J.: 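Okay, handing you the structure first.
Please read these numbers as outputs of a predicted model, since none were measured by experiment.
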Amino acid sequence: METIFEKSKKGKRCSSIKPLRVPTHTIKNKYTRGDLNLPEVAEIDLVRHYTALSNRAFGVDTGFYPLGSCTMKYNPKLNDEAANLPGFTQIHPSQEVETVQGCMEAMYMLSEQLMEITGMDGISLQPSSGAHGEYLGLLLIDAYHKSRKQTGRTKILIPDSAHGTNPASAAMAGFEVVVVPSNADKGVDIDALKALVGNDTAALMLTNPTTLGLFEKNIKEIGKIVHDAGGLLYYDGANLNAIMGIARPGDMGFDVIHLNIHKTFSTPHGGGGPGSGPVGVKTALFPFLPNPSIIKTKRSEFEFKFLESSIGKIGAYYGNFGVYIKALAYILTLGGDGLKESSVMAVTNANYLKKGIADLYPTEKGRHCMHEFVVSLEDLKAKTGVSAMDIAKAMIDRGMHPPTMYFPLIVHEALMIEPTETESKDTLDNAIKVLRELYELALSNPQALKNAPATTVISRPDEALAARQPKVRG
């Protein structure tokens with residue numbers, strides 16, 4: 001396919017500009033960037049070019065998208081319509097609060113709903129992503145300990161199965177990262193945790209369900225160990241999709257949480273955005289939340305409140321407002337029973353798909369998964385040379401987006417599969433059929449999988465080179 005610049009022919013135009021009726025003004029060269037070098041094409045060629053490009057994109061509206069730990073589910077278009085209402089879009093964040101009371105009420109309502117869902121006492125909507133929320137949560141933990149004159153708490157404990165952003169966020173916040181090994185059940189090793197906690201422990205960061213899609217059965221004991229040592233418990237909310245309406249992080253003993261509301265509460269977020277990572281806290285950390293917070297006055301009006309003990313702002317203005325409206329619409333549409341049903345269906349779908357391939361794709365034995373599960377193709381690779389990457393690439397030819405590959409690192413040749421609550425039984429049955437066929441093909445004709453995908457413009461790019469030296473322009 002030709003690029004838009006290759007289609008360009010001098011003199012072609014998408015529109016005609018009327019002759020000037022005012023005197024021309026020449027801008028000095030030092031204020032200009034020179035020739036823009038824009039392509040010259042007819043309007044119909046421009047439309048066809050970008051329509052053809054859009055047809056090459058794959059998303060949740062196109063087909064099955066079981067990207068583990070990312071909750072790439074179908075998002076009702078109603079929520080997008082709500083976020084596009086003029087009262088939400090035709091405003092400016094610098095307006096006086098008296099003129100945006102409806103928008104402030106929406107943010108206040110969302111905060112209240114999220115606190116109820118998670119069991120938290122306060123919340124900030126400012127962070128623009130999950131990782132941004134992690135960073136804020138760690139800054140709050142740091143501020144809490146410093147307010148208590150415990151400056152020696154410099155270490156963050158993180159399980160070896162954690163999301164990669166956890167240690168990155170901890171390091172960015174100035175903490176030393178200490179890895180906690182997993183036990184035989186792929187949960188936190190309690191004995192190892194007891195040996196690691198101490199007067200230098202600031203917090204333990206934990207995802208529950210874990211990245212392996214397993215509920216941490218010892219969460220109460222884990223929380224007590226950390227709290228008895230004077231540390232705090234941090235909740236990575238990436239997997240909240242599995243427990244909404246069933247269990248609350250605040251009731252498990254977590255002190256600080258972040259939520260990926262773009263994942264769990266209905267915002268399409270492929271390609272890196274848009275996102276939102278609200279942070280919830282228990283009462284002891286509330287004084288350190290970013291300024292400003294939204295409060296409701298006795299007159300049922302809404303105001304911004306600024307605290308002297310706040311760590312300051314964590315983002316421009318008040319965060320990604322459009323994502324808030326989509327999340328609020330999703331929550332209000334489903335209600336408490338609907339949110340619980342969503343979680344039940346997410347867990348049901350994952351277990352159904354897992355069982356359908358369990359005899360060929362080994363997973364954690366003897367346990368039901370939550371909303372996602374991780375399979376290992378280590379034995380298949382040893383027998384046939386076919387890797388997890390090969391299976392994932394072959395799924396593309398069958399009209400499916402690959403699952404997350406080679407993560408978490410504690411599982412070799414891993415595929416992390418999350419079917420989400422919005423997929424039908426027909427879709428799951430087809431996925432089971434395809435995965436079983438690919439396994440059999442690996443045994444009979446492994447080279448066919450190593451040549452996959454055959455239906456894409458680019459088959460097997462050098463992924464390491466693409467990550468390190470991306471070519472972002474023609």
Side-chain angles (χ1 to χ4, degrees), residues 58-75 161 186 207-215 238-244 246 263-264 270 340-380 386-408 411-443 449 452-453:
F58 190 96
V60 291
D61 289 349
T62 309
F64 188 41
Y65 206 130
L67 195 64
S69 210
C70 279
T71 319
M72 301 297 285
K73 62 187 178 184
Y74 169 76
N75 295 288
S161 63
K186 296 297 191 291
T207 307
N208 197 22
T210 67
T211 305
L212 287 156
L214 301 172
F215 193 84
N239 296 340
L240 187 74
N241 197 48
I243 62 170
M244 289 185 300
I246 301 169
K263 293 183 183 181
T264 309
K340 180 178 180 179
E341 184 181 359
S342 172
S343 293
V344 170
M345 288 305 303
V347 174
T348 301
N349 282 357
N351 279 280
Y352 181 81
L353 180 51
K354 175 187 173 184
K355 184 173 178 59
I357 61 173
D359 58 323
L360 301 181
Y361 293 82
T363 63
E364 190 64 24
K365 301 294 185 184
R367 292 184 65 180
H368 290 299
C369 66
M370 298 297 288
H371 65 305
E372 66 187 4
F373 60 96
V374 178
V375 302
S376 171
L377 296 184
E378 189 173 19
D379 289 344
L380 181 66
V386 171
S387 66
M389 175 75 79
D390 297 329
I391 294 290
K393 294 293 186 182
M395 289 175 68
I396 297 174
D397 286 335
R398 273 73 175 178
M400 300 178 184
H401 195 282
T404 299
M405 297 174 283
Y406 299 114
F407 187 78
V411 178
H412 297 158
E413 292 298 324
L415 291 179
M416 179 162 48
I417 303 171
E418 181 178 357
T420 80
E421 75 276 13
T422 56
E423 296 299 344
S424 68
K425 182 176 180 296
D426 290 340
T427 298
L428 299 180
D429 286 337
N430 183 59
I432 291 170
K433 177 174 176 288
V434 166
L435 286 167
R436 297 186 70 85
E437 288 175 351
L438 293 179
Y439 191 95
E440 296 300 329
L441 186 59
L443 299 176
L449 295 177

J.: Report the residues that fulfil side chain to side chain donor-acceptor pair (under 3.5 Å) with Glu372, sequence neighbours left out, ordered by chain and then residue number.
T.: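 So Glu372 forms no side chain to side chain donor-acceptor pair (under 3.5 Å) with any residue.
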J.: Once side-chain contact (heavy atoms from CB on, under 4.5 Å) is applied, do any residues pair with Ala238, and if so which ones, sequence neighbours excluded?
T.: His163, Asp236, Asn260, Lys263
J.: Check side chain to side chain donor-acceptor pair (under 3.5 Å) between Thr422 and all other residues, then give those that pass, not counting sequence neighbours.
T.: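 Testing Thr422 for side chain to side chain donor-acceptor pair (under 3.5 Å), a comparison that skips the adjacent residues, returns Thr420.
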J.: Counting only heavy atoms not in His368, do more than 12 fall under 6.0 Å of its NE2?
T.: no
J.: Could you work out, with side-chain contact (heavy atoms from CB on, under 4.5 Å) as the rule, every residue matching Ser376, not counting sequence neighbours?
T.: Glu378, Val411
J.: Of all residues at least two apart in sequence or in a different chain, which pass the side-chain contact (heavy atoms from CB on, under 4.5 Å) check with Pro402?
T.: Ala392, Ile396
J.: Taking only residues two or more places apart in sequence or in another chain, which ones pass salt bridge (Lys or Arg N to Asp or Glu O under 4.0 Å) with Lys433?
T.: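 Checked Lys433 against salt bridge (Lys or Arg N to Asp or Glu O under 4.0 Å); matches are Glu437.
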J.: Not counting sequence neighbours, which residues clear ring-ring contact (aromatic ring centres under 6.0 Å, His included) with Tyr439? List them please.
T.: Tyr361
J.: Under the salt bridge (Lys or Arg N to Asp or Glu O under 4.0 Å) rule, collect the residues that match up with Asp426, sequence neighbours excluded.
T.: none
J.: Would a 4.5 Å heavy-atom cut-off, applied to side chains only, mark Ile417 and Lys354 as touching?
T.: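 No; the side chains remain at least 4.5 Å from each other.
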J.: Counting distance only, does the side-chain N/O of Arg398 pair as donor-acceptor with the main-chain N or O of Ala431 below 3.5 Å?
T.: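 Side chain of Arg398 to backbone of Ala431: no pair is present.
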J.: Just wondering, do Asn349 and Leu428 contact through their side chains at under 4.5 Å, heavy atoms?
T.: yes
J.: Among residues at least two apart in sequence or on other chains, which ones pass side chain to side chain donor-acceptor pair (under 3.5 Å) with Ser387?
T.: Asp390
J.: Mind checking what makes side-chain contact (heavy atoms from CB on, under 4.5 Å) contact with Thr264, not counting sequence neighbours?
T.: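 If we apply the side-chain contact (heavy atoms from CB on, under 4.5 Å) test to Thr264, skipping adjacent residues, the hits are Leu240, Asn241, Met244.
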J.: Quick one: salt bridge (Lys or Arg N to Asp or Glu O under 4.0 Å) partners of Arg436, sequence neighbours excluded?
T.: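 Testing Arg436 for salt bridge (Lys or Arg N to Asp or Glu O under 4.0 Å), a comparison that skips the adjacent residues, returns Asp359.
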J.: Can you list everything that forms a side chain to side chain donor-acceptor pair (under 3.5 Å) with Tyr352? Sequence neighbours excluded, please.
T.: Lys425, Asp429
